[in-house]
Amino acid sequence: MIVMKFGGTSVGDVSAIRRLIEIVKTRLAKKPVVVVSAISKATDTLQSAARFAEKGELSSAKKLLKELEARHNEICKEFLGENTSEYEGVTLRIKEYFTSILELIKGVSLLSELSDRSMAKIITHGELLSSLVIDAVFNHSNIKTALVDARDFMYTDDNYLVGEPITERIKTETPKVIIPLLKNNDVVLTQGFISNTEDKITTTLGRGGSDYSASLIGMAMDAEEIEIWTDVDGMLTADPRKVNNTKIVSVISFEEAAELAYFGAKVLHPLTIQPAVEKDIPVRILNSRNPENEGTLILSDSKKIKGGIKSISCKENIKVLNVFSTKMLNSYGFLRKIFEIFDNNQTSVDLITTSEVNVSLTLDNEDRIEEIVKELSVFSTVKVEEEKSLVCVVGKDLKNTKGIAKRIFQKLGDFNITMISQGASLINVSFVVNKSDLQEVMQVLHDEFFDNSN
Ligand code: ADP
Ligand code: ASP
Ligand code: MG
């Protein structure tokens, strides 16, 4: 079997869903489990509605929900026809979902409080809705489809908005639920992003988490391949929204792809690769607008992957914490105290450079930055630098390839660069630049390494 994951833009409107049907039809012999995201912008919309409700702006929340409901109904109308029993049936279910969302939102508004648990419950409706609609459309298009609720097999801890998967449970439950359904149907359809605790409280795998759902399912099912269908031709040499003349990277290793995803290549959720590595399952990134294109194949490094720079990723909005020891602790005591604080605040560090009395760090998420700074300030002086970006050049064997660092930094001579790090891994060179320089830095580097006319 294979897993096929379709992102928001690949299920975003009528023509996207028409393409999706055609793509799935070409794979029926491979027994696909189709994993869908919410229709494009639905998760953002639900999130905004919840936030409006928290501020007591219930009518703004309702307006957003009405528009979202109309988008789903419109898709049903287009495929099922307006006066059919199929249309009546699905739109009734859609209405029921929106009634539940409204109940939740009214609760948030009443309490003026939006807990992570309520937020998870609200935003997971995006995928519940999209899968409901696509199930109806598939069956209507003669693709015999079994819709299964991802919460029947996708389990996480109780970190409601970024659940940590309980891998052993997922491995046992997923085949138990999916294998019998795959036998009797053309397709098994389920939601990405959605999960639950072992007590059946709804959680999510974090924003962009449908890719992660797909690879967890692939791992649990021992899939032949995991296909990530999106809106670009594959892993590109840089984010096409930031850089001109990007090119497709046709083959890349698990390690390289994981590093790029971790350091900002949004095309893959940062943790997507981990489960695939465990079972050595190839991951392919494909464009649902251009399905003939071969996309990017992500493989184990043992499969003779070429060396050299593959792609440049970036995180546009980061803060740098400069921590100065005031009490002149010995350096290991100083580092231990710092890391304890990050650990207690469940925040990991992306980049770190150290000297005996100073440590500079960038964080993978800034939710707890205020608390972290407060705790660090007990034994150190902390300076926070804002408006920074992180750039990460990724490729196999960079550390052993002479002249790469020289080429990078010679080209960037006119820019202010800090926190240069060649990582413990052999495959990345990272550094921090001013956010205002990011676009130019990315283009200059991209031209240097990927412009064939050079
Ligand atoms: P989906 O909704 O299908 O999950 P996303 O928006 O999450 O799609 O991811 C696709 C986007 O990732 C692309 O449109 C592109 O702008 C962005 N992106 C960032 N870096 C890269 C890269 N190196 N290669 C391809 N796309 C990238
Ligand atoms: N719908 C979710 C989000 O927008 C998950 C995903 O698209 O992967 O974050
Ligand atoms: Mg995504």
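Note that the coordinates shown come from a computational prediction; the quantities given were computed from them, not determined experimentally. One-based numbering, in listed order, for ligands and for the atoms of each. Every heavy atom of this structure was used, including side-chain atoms; hydrogens, water molecules and symmetry mates were not.
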For atom 24 (N) of ligand 1, what's the nearest protein heavy-atom neighbour? Residue, atom name and distance, please. Leu236 N, 2.9 Å

Ligand 2 versus His269, non-hydrogen atoms closer than 4.0 Å: side chain, backbone, both, neither? neither

Around atom 6 (C) of ligand 2, find the nearest protein heavy atom and jot down its residue, atom name and distance. Ser210 OG, 3.3 Å

A student comparing Glu127, Gln191, Lys41 should find that the heavy atom closest to atom 1 (N) of ligand 2 comes from Glu127

With sequence neighbours excluded, tell me which residues meet side-chain contact (heavy atoms from CB on, under 4.5 Å) with Asn185. Lys144, Ala146, Leu181

Any heavy atom of Ser40 sitting closer than 4.0 Å to ligand 1? no

Is it the case that ligand 1 has an N or O less than 3.5 angstrom from some N or O of Pro240? no

How far is atom 12 (O) of ligand 1 from its nearest protein heavy atom, and which residue and atom name does that atom have? Val267 N, 3.3 Å

Are Ile23 and Leu286 side-chain neighbours, meaning at least one heavy-atom pair lies under 4.5 Å? no

Under the ring pair (Phe, Tyr, Trp, His ring centres under 6.0 Å) definition, can you give me all pairs with a residue in residues 213-250, not counting sequence neighbours? Phe6-Trp229

Looking only at the side chains, is there a donor atom on one of Ser436 and Asn434 sitting less than 3.5 Å from an acceptor on the other? no

For atom 13 (C) of ligand 1, the closest protein heavy atom turns out to be Asp231 OD1, 3.5 Å

With atoms numbered from 1 as shown, which atoms in ligand 2 lie under 4.0 angstrom from a non-hydrogen atom of Phe193? 2 (C), 5 (C)

Determine the sole option in Glu385, Glu366, Glu386 for which the side chain to side chain donor-acceptor pair (under 3.5 Å) test with Lys319 is passed. Glu366

Look only at interatomic distance and state if Gly206 has a nitrogen or oxygen under 3.5 Å from any nitrogen or oxygen of ligand 2. no

So is Gly7 touching ligand 2 or not, going by heavy atoms under 4.0 Å? no

Lys5 touching ligand 1 at heavy-atom level, < 4.0 angstrom: yes

Gly8 near ligand 2 by a heavy-atom separation under 4.0 Å: no

How close does the nearest protein non-hydrogen atom get to atom 7 (O) of ligand 2, and which residue and atom is it? Ser37 OG, 3.3 Å

What is the closest protein heavy atom to atom 6 (O) of ligand 1, and at what distance does it sit? Lys266 NZ, 2.8 Å

So which heavy atom in the protein is nearest atom 21 (C) of ligand 1, and how far is it from that ligand atom? Asp239 CA, 3.8 Å

Within the side chain of Ser109, is there an N or O that forms a donor-acceptor pair under 3.5 Å with the backbone of Ile105? no

Any side-chain donor near an acceptor of the partner, Thr246 and His446, under 3.5 Å: no

In terms of side-chain heavy atoms, does Ser195 have a donor or acceptor partner in Thr203 at a distance below 3.5 Å? yes

Closest approach of any protein heavy atom to atom 25 (C) of ligand 1, naming residue and atom: Gly234 O, 3.3 Å

For Lys176, is there an ion pair with Glu173 - N to carboxylate O distance below 4.0 angstrom? yes

Starting from atom 3 (O) of ligand 1, locate the nearest protein heavy atom and write down its residue, its atom name and how far away it is, to 0.1 Å. Thr230 OG1, 2.7 Å

Considering non-hydrogen atoms of the protein only, which is the closest contact for atom 2 (O) of ligand 1, and what is the distance? Gly8 N, 3.2 Å

Say you draw a straight line from NZ of Lys396 to CD of Glu259; how long is it, rounded to the nearest 0.5 Å? 14.5 Å

Residue, atom and distance of the protein heavy atom nearest atom 3 (C) of ligand 2 read Arg207 NE, 3.3 Å

Does any N or O in the side chain of Asp233 come within less than 3.5 Å of the main-chain N or O of Asn287, such that one atom is a donor and the other an acceptor? no

Do Asn345 and Glu371 have side-chain atoms, one donor and one acceptor, less than 3.5 Å apart? no

Just let me know how Val232 lines up against ligand 1, side chain, backbone, both or neither, with a heavy-atom cut-off below 4.0 Å. side chain

How are the rings of Tyr212 and His269 set relative to one another: parallel (under 30°), tilted (30 to 60°) or perpendicular (over 60°)? parallel

